[in-house]
Amino acid sequence: MSQAVKLIDALNGTFGRHNGYRVSHAKGFTAQGRFCPAAEEPRVQIPMLNNECKVTARFSVGGGKPGISDKSPTVRGIGLEIGNGSDSWVLTLISNPVFFANSAAQFRAFLAARIPDPDTGAPDPKLVEAFNEANPNTVPHQQYLKSVVPCRCYSSEQYHSGHAYRFDWSGREISARILLEPEGGRLALSKEEMETLSDDFLHDRFLEKLCDGPARWSLKLVIANAADNVSDPTVLWSGTHTMVDLGTIQVELPDDRSESTKKVFDPTRMPEGVRAPLDDVFSLRSGAYAESAARRSV
Ligand code: HEM
């Protein structure tokens, strides 16, 4: 059995199989907009980002359940296709600064510990605790989710790569994580909204936001310091970091054309000037996304 099949079986094993939906980030919708280059040319050279180009975005709630509540304490995601054709950049980012696993085995074990107990319909807390004890590197992801209130709109969430990509910076190689920072900063739901909003508020609230004008984020590089771990997406980076502003992602209109809703946001599609992260997770993604796409189209 291939690695991709094992990873997708692990997701289906925890969330169930829901035909027609993505195996992970099942609940979501697509929109379109554009990328506008930064006013000042960045010192990192990514030629395709020198010009304005089209963007397709998909916003999602993490996990493989299409009916998950928009108030649930899990990650929010964004899939971005910047440009199209051979020189384009696909980024799939989450609202958590770190990921929950640093290897295929840990990804599967994390999910196995969360298979719902048939009696309660929820994960067995003893299995989760045992997993956490044996895998302390995965705890910061869970702690972050406990420390924040879910976002009030997809447009007021920040999104992170976890992976550290590699770039040329005046003749030397640097590593940097990607940060998508919302105009106006991150905004959480109020206590009252947590109590009164429907479980599906994120779609309509985002469309209301677009009626008032585009949703905008700065696309930034967070450059690794010498002490930062660049090969493990579960490790938080601490201290201050140099940031490079690459430009603005601007989302303008909903887009439910099937060519957009069926898109596979495979992050191994990278333009000239961007090199793949050197961790044990990035290389797992292309095969897993293809297997998920094959299952959702049956
Ligand atoms: C072992 C590593 C990973 C596996 C096996 C995995 C698996 C998957 C799968 C199967 C999908 C659905 C793909 C589709 O049907 O098109 C998905 C979607 C997604 N993943 Fe991952 N993932 C991994 C790592 C990550 C990481 C590190 C991030 C970000 C930090 C991430 C963010 C996302 C997002 C935002 C989506 C939704 C994309 C969309 O809207 O189409 N994943 N993932």
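First listed ligand is number 1; within each ligand, the first listed atom is number 1.
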Glu81 and Arg58: salt bridge (charged side-chain N to carboxylate O under 4.0 Å, His left out), yes or no, with the steps? CA-CA 9 Å; Glu81 182 188 58; Arg58 181 172 180 274; over 6 Å; no
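- With hydrogens left out, the protein atom closest to atom 35 (C) of ligand 1 is Leu93 O, 3.3 Å, a heavy atom.
- In this structure, Arg114 forms a cation-pi arrangement with Phe131, its terminal cationic atom sitting closer than 6.0 Å to the ring centre and no more than 45° off the ring axis.
- The protein heavy-atom contact nearest to atom 11 (C) of ligand 1 is Ser24 CB, 3.7 Å.
- For the residue pair Ser231 / Asn229, a side-chain donor-acceptor distance below 3.5 Å is found, with atom types taken as modelled.
- Residue Glu272 qualifies as open at atom CD: its count of foreign heavy atoms under 6.0 Å is 12 or below.
- Per-residue contacts place Arg58 under 4.0 angstrom from the following atoms of ligand 1 (heavy atoms of the residue considered): 39 (C), 40 (O), 41 (O).
- For atom 41 (O) of ligand 1, the nearest non-hydrogen atom of the protein is Arg22 NE, 2.6 Å.
- Remark: minimum distance from atom 10 (C) of ligand 1 to any protein heavy atom is reached at Ile8 CD1, 3.4 Å.
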Could you go step by step and tell me if Arg76 and Glu157 meet the salt bridge (charged side-chain N to carboxylate O under 4.0 Å, His left out) rule? CA-CA 8 Å; Arg76 308 293 174 266; Glu157 183 57 279; 5.7 Å; no
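- In this model, a donor atom of one side chain and an acceptor atom of the other lie less than 3.5 Å apart for Arg295 and Asn12.
- The Ser161 neighbourhood of ligand 1 comprises atoms 30 (C), with distances under 4.0 Å to a heavy atom of that residue.
- Every atom of ligand 1 with a heavy atom of Ile78 under 4.0 Å away is listed here by number and element: 35 (C).
- Atom 42 (N) of ligand 1 has its nearest heavy-atom neighbour, among Tyr289, Phe99, Phe29, Tyr21, in Tyr289.
- For ligand 1 and Leu284, the ligand atoms under 4.0 Å from any heavy atom of the residue are 1 (C).
- Ion pairing of Asp70 with Lys27 is present here, as a side-chain N (NZ or NE/NH1/NH2) and a carboxylate O approach within less than 4.0 Å.
- Residue His163 approaches ligand 1 through these ligand atoms, each under 4.0 Å from one of its heavy atoms: 27 (C).
- Looking at residues two or more places apart in sequence or on another chain, you find no salt bridge (Lys or Arg N to Asp or Glu O under 4.0 Å) involving Glu129.
- Considering backbone and side-chain N/O atoms, His160 never comes within less than 3.5 Å of an N/O atom of ligand 1.
- The shortest contact between atom 16 (O) of ligand 1 and any protein heavy atom is with Arg296 NH2, 2.6 Å.
- With salt bridges taken as basic N to acidic carboxylate O contacts below 4.0 Å, one links Glu193 and Arg205.
- Of the protein's heavy atoms, Arg285 NH2, 3.3 Å lies nearest to atom 28 (C) of ligand 1.
- Nearest non-hydrogen protein atom to atom 3 (C) of ligand 1 is Phe107 CE1, 3.7 Å.
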